[in-house]
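Order of the sequence lines fixes the chain letters, A, B, ..., with proteins taken first and strands second; residue numbering starts at 1 for each chain.
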Amino acid sequence: MHNIKDIRKDFNNFKEKLKNRNIDTDLDNIISLDEQNRKLIQEKETLEMEKKTISKSKDQKLFEKSKELSVKIVEINKNQSNLQSQIDSILSSIPNLPLSDVPIGQDENANVEIEKKGEIKEFDFKPKTHFELGENLNMLDFDLATKTTGSRFVFVKKQLAQLERALSNFMIDTHTQKNGYTEISPPLIATDETMYGTGQLPKFENDQFEIKLDADEGRKFLIPTAEVILTNIVKNQIINKDDLPIRVVASTPCFRKEAGSYGKDTKGMIRQHQFYKVELVSIVENDKCAEELERMSNAATMILDELKLPYRKIILCTGDMGFSAEKTYDIEVWLPSENRYREISSCSSCGSFQARRMKARYKDKNNSKEFLGTLNGSGLAVGRTMIAIMENYQTQDGSILIPEVLKPYMPNIDKISIN
RNA sequence: GGAGAGAUGGCUGAGCGGUUGAAAGCAUCGGUCUUGAAAACCGACAAAGGGGCAACUCUUUCCUGGGUUCGAAUCCCAGUCUCUCCGCCA
């Protein structure tokens with residue numbers, strides 16, 4: 001959420017930067033609405049002041065006049081709050097502004113690779129896809145999921161299920177023990193207000209699973225990522241500067257409708273309605289965001305380093321970034337079956353964009369209240385990491401070797417094979 | 001599901017229908033004192049919005065939404081949330 005004052009003050013800058021984000025926002029309109037709105041506010045306040053004076057005077061002769069004023073005020077107020085909500089609704093649909101070091105571009109083709117690491121293994125056979133491997137092992141069952149639930153779900157079985165669980169634990173342990181994150185096991189359901197706070201609502205409602213708890217309760221959603229619930233920890237709060245930074249990690253299922261991705265990644269478990277993800281969230285003083293983003297993305301790549309999976313790190317261009325982000329690194333892992341890199345983590349700095357929506361602030365040195373900076377990143381997507389391990393660690397007979405660092409989490413197993 | 005209690009500034013906590021935006025305490029910040037720190041003392045300290053180059057000024061806000069009144073933190077109605085007790089249950 002942007003401050004309308006900033007838009008007013010720096011209109012051209014906003015227009016320019018939003019143009020780079022590749023979306024059409026009615027910025028001109030919001031300015032004229034804002035002008036009308038302020039005019040009404042002035043009218044209203046003048047009347048209110050008059051009314052207040054009368055009531056203070058306790059002069060009975062003026063009471064009649066005061067009643068008349070009330071009627072006028074109600075009238076103006078109606079129009080004004082109408083305008084206000086129009087403004088708010090436009091405002092809440094405007095994405096964050098990209099930082100100046102973000103490359104300008106239309107789509108993913110303009111993303112810039114900034115790091116490449118790990119050795120891509122040469123297979124002396126044709127590497128199988130993860131779903132071939134999984135189905136041959138009898139450990140990934142998509143048909144069963146279709147029967148019980150529908151498309152884009154999967155049953156993971158036996159040692160693969162164990163591998164998935166091991167990955168989750170390994171990642172959390174790494175982040176808590178080496179990267180200074182605090183483990184959280186959060187609710188998987190969020191209110192509409194919470195969803196609004198991180199920017200999933202109102203614009204991306206179509207991607208969310210809404211659920212009904214009680215007939216008369218407010219709206220509730222399954223979280224599409226733990227970012228939502230973890231970031232909102234500071235919602236409506238004023239944090240003491242000494243308590244920053246806050247760094248939390250959680251492994252949770254995530255639920256996404258994946259609307260608009262029909263026909264994309266329909267095979268296998270690359271794109272599911274439900275998947276596990278280990279999520280990192282940092283809450284910092286807002287001028288420390290850039291620094292924290294480096295730290296966070298390094299925490300994410302540390303996992304890949306330890307798993308010895310080849311990856312690259314790219315910086316997303318203005319047109320490819322998410323709604324709330326001011327800068328995003330994607331980390332992509334090598335998938336032999338596709339002969340290319342696929343996204344396995346996305347680390348974003350949101351600046352104070354989300355904090356403004358959440359009304360999350362901190363008290364800085366001279367006692368003034370500032371909006372916090374928030375960052376989130378996958379550390380990593382567990383399902384996709386499992387895919388990467390299956391494909392990169394496969395052997396000719398369709399077995400899967402266990403990476404060294406996972407062995408403590410999978411005692412007595414060297415490899416996963418048909419048994 | 002049944003019964004009660006409550007919701008006020010960063011926190012704790014007063015509050016009579018009319019200079020109450022709100023006592024007091026804590027915390028925080030500035031200062032005096034001190035070699036330094038602590039203590040003590042003095043001072044500052046809510047947010048959002050509008051107007052103004054500025055000093056400043058105005059409006060709104062005491063859980064939310066309605067209502068009564070010239071005037072509501074204070075009275076009435078509805079709702080939300082929290083806590084305690086009982087029941088049920090992973």
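A salt bridge does not link A:Arg342 to A:Glu332: none of the charged side-chain nitrogens sits closer than 4.0 Å to a carboxylate oxygen. A salt bridge does not link A:Arg361 to A:Glu370: none of the charged side-chain nitrogens sits closer than 4.0 Å to a carboxylate oxygen. Using a cut-off of 4.0 Å between Lys/Arg side-chain N and Asp/Glu carboxylate O, A:Glu404 and A:Lys308 are scored as not salt-bridged. Between A:Arg38 and A:Glu43 there is no salt bridge, since none of the side-chain N atoms of the basic residue sits less than 4.0 Å from a carboxylate O of the acidic one.
Spacing between B:rA73 and B:rG21 at atom C1', rounded to whole Å, works out to 11 Å.
We find that CD1 of A:Ile238 is positioned 17 Å from P of B:rC45, with the value rounded to whole Å. Following rounding to the nearest Å, A:Lys56 (NZ) and B:rU59 (C1') show an atom-to-atom distance of 12 Å. Atom C1' of nucleotide B:rU61 and atom NZ of A:Lys52 are separated by 11 Å, given to the nearest angstrom.
Cation-pi geometry between A:Arg357 and A:Tyr196 is met: under 6.0 angstrom from the ring centre, within 45 degrees of the axis. For A:Lys313 and A:Tyr329, the positive end sits near the middle of the six-membered ring, less than 6.0 Å away and at most 45° from its axis.
A:Thr46 places a side-chain N or O within 3.5 Å of a backbone atom of A:Gln42 that can act as its donor or acceptor partner.
Of the N and O atoms on the side chains of A:Asn13 and A:Asp10, at least one donor lies less than 3.5 Å from an acceptor on the other residue.
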Nucleotides 47-53 of chain B: protein proximity per nucleotide (B base, S sugar-phosphate only, - neither; heavy atom, under 4.0 Å): S-BSS--

Mind listing the N/O atom pairs, protein and nucleotides 66-69 of chain B, below 3.5 Å?
none

